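These notes concern the structure reproduced below.
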Amino acid sequence: MGEVGYEALNTDLIAARSGIPIGSIYQYFPNKESIVYTHAEFCFLNLHDQFFDKITREVEKFKKFDQKFLEKTISIYLETLATVKGYHLIESVLYTNPKLRDLDRESNERFAKSLADRVILRFFPKLEKKRAFYIASLVVEIVDSTYKVITNTRNAKTRAGILTELKNVLFQYFLSLS
């Protein structure tokens, strides 16, 4: 998909690139949209599982929420994004299909629930569970949007500056919860 673009992508090309006979593709997928949807679902689940496996181990190492923990969290998130093959491609076609947008919303909600339960409530146990979820939802959307801005920015210094500002905003926000 990355080499030809979404519009030029078709099941014949997918079959040829994957080394699978076209008939076998049609046994499982009726069209390219279902292939892309299935791949997106895999990417979102893989991102979630990899990130939370790593961050759960890190949470245990920290006694409180601090700048070091935030830095580590962002670092793990970016590393995880880089290891989920095809994630950037899915992001690039996300708004071409309402089902993909719904899947993205579901993924962000799953991410927010896990973030609230595994991280936010761990560091801020006095928060109500519902409020922790709201905070996590906001953080997920901010980070998701910022990631899109960063990936669309060509200048490395500008990308680094945007990432620094994201960390500053998140750190100040979390400090206000203490």
Side-chain angles (χ1 to χ4, degrees), residues 2 37 39-62 64-125 127-178:
Y37 182 90
H39 180 68
E41 189 173 42
F42 173 78
C43 284
F44 291 147
L45 289 171
N46 195 5
L47 176 65
H48 176 276
D49 293 349
Q50 281 189 49
F51 175 78
F52 283 104
D53 282 348
K54 294 174 186 174
I55 203 65
T56 299
R57 289 191 298 270
E58 289 300 320
V59 166
E60 298 306 317
K61 296 176 186 176
F62 287 84
K64 63 179 184 144
F65 181 89
D66 61 14
Q67 188 76 36
K68 270 180 94 170
F69 177 76
L70 179 64
E71 292 278 342
K72 186 68 175 175
T73 303
I74 298 290
S75 174
I76 288 172
Y77 182 70
L78 294 174
E79 289 167 11
T80 305
L81 281 173
T83 65
V84 176
K85 193 172 179 113
Y87 182 83
H88 184 67
L89 295 172
I90 294 303
E91 284 287 313
S92 71
V93 298
L94 196 57
Y95 297 102
T96 65
N97 183 316
K99 288 182 181 179
L100 285 177
R101 284 194 309 273
D102 290 343
L103 185 62
D104 183 54
R105 265 192 296 279
E106 291 168 20
S107 173
N108 285 353
E109 186 173 318
R110 182 183 322 104
F111 223 89
K113 284 178 183 175
S114 294
L115 186 64
D117 293 341
R118 297 184 191 184
V119 179
I120 295 173
L121 287 170
R122 162 77 166 66
F123 288 118
F124 305 96
L127 286 175
E128 293 178 28
K129 192 171 178 125
K130 196 71 168 167
R131 182 164 182 226
F133 174 72
Y134 296 152
I135 292 165
S137 296
L138 180 63
V139 169
V140 166
E141 293 301 330
I142 289 169
V143 171
D144 193 37
S145 296
T146 305
Y147 173 73
K148 288 176 179 118
V149 170
I150 289 170
T151 58
N152 289 321
T153 302
R154 289 195 169 100
N155 184 293
K157 261 186 146 173
T158 302
R159 285 193 307 268
I162 293 168
L163 188 57
T164 296
E165 291 307 316
L166 170 66
K167 292 173 187 176
N168 290 337
V169 166
L170 291 176
F171 185 65
Q172 290 304 315
Y173 180 68
F174 279 108
L175 277 182
S176 76
L177 299 175
S178 299

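Please read all numbers here as calculations on a predicted model, not as lab measurements. Side chains included, hydrogens not; waters and symmetry mates left out as well; all remaining heavy atoms used.
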Distance-only check: which donor-acceptor pairs under 3.5 Å involve side-chain atoms of residues 136-149, not counting sequence neighbours?
from, atom 1, to, atom 2, distance (Å)
Ser137, OG, Phe133, O, 2.9
Glu141, OE2, Asn108, ND2, 3.0
Asp144, OD2, Lys148, NZ, 3.0
Ser145, OG, Glu141, O, 3.0
Thr146, OG1, Ile142, O, 2.7
Lys148, NZ, Glu91, OE1, 3.3

Those residues that, when tested against Lys64, pass salt bridge (charged side-chain N to carboxylate O under 4.0 Å, His left out) (two or more places apart): none
Within-4.5 Å side-chain heavy-atom neighbours: Ile74 and Leu170: yes
Under 3.5 Å: donor-acceptor pair, side chain of Arg101, backbone of Leu94: no
Beyond-backbone contact of Phe174 with Phe123, side-chain heavy atoms, under 4.5 angstrom: no
SB check Glu109 Lys113 (cutoff 4.0 Å): yes
Interatomic spacing from NZ in Lys72 to CZ in Phe62 - rounded to 0.5 Å: 7.5 Å
Residue pairs, two or more places apart or on separate chains, that pass side-chain hydrogen bond (donor to acceptor under 3.5 Å, both in side chains) and touch residues 167-178: Glu71-Lys167
Salt-bridge present (Asp102, Lys99; N to O < 4.0 Å): no
Stepwise side-chain hydrogen bond (donor to acceptor under 3.5 Å, both in side chains) check, Glu79 with Ser75: CA-CA 6 Å; Glu79 289 167 11; Ser75 174; 3.1 Å; yes
Residues that Glu41 engages under salt bridge (charged side-chain N to carboxylate O under 4.0 Å, His left out), provided they are two or more places apart: none
Aromatic centroids of Phe44 and His48 separated by under 6.0 Å: no
Interatomic spacing from CG in Leu177 to CG in Leu127 - rounded to 0.5 Å: 5.5 Å
Within-4.5 Å side-chain heavy-atom neighbours: Phe69 and Val59: yes
Ring centres under 6.0 angstrom apart (Phe52, Phe111): yes
Asp53: partners by salt bridge (charged side-chain N to carboxylate O under 4.0 Å, His left out), with sequence neighbours left out: none
Carboxylate-amine/guanidinium proximity below 4.0 Å for Arg122 and Asp117: no
Under 3.5 Å donor-acceptor, Arg118 side chain and Thr56 backbone: no
Under the salt bridge (charged side-chain N to carboxylate O under 4.0 Å, His left out) test, residues paired with Asp49 that sit two or more places apart: none
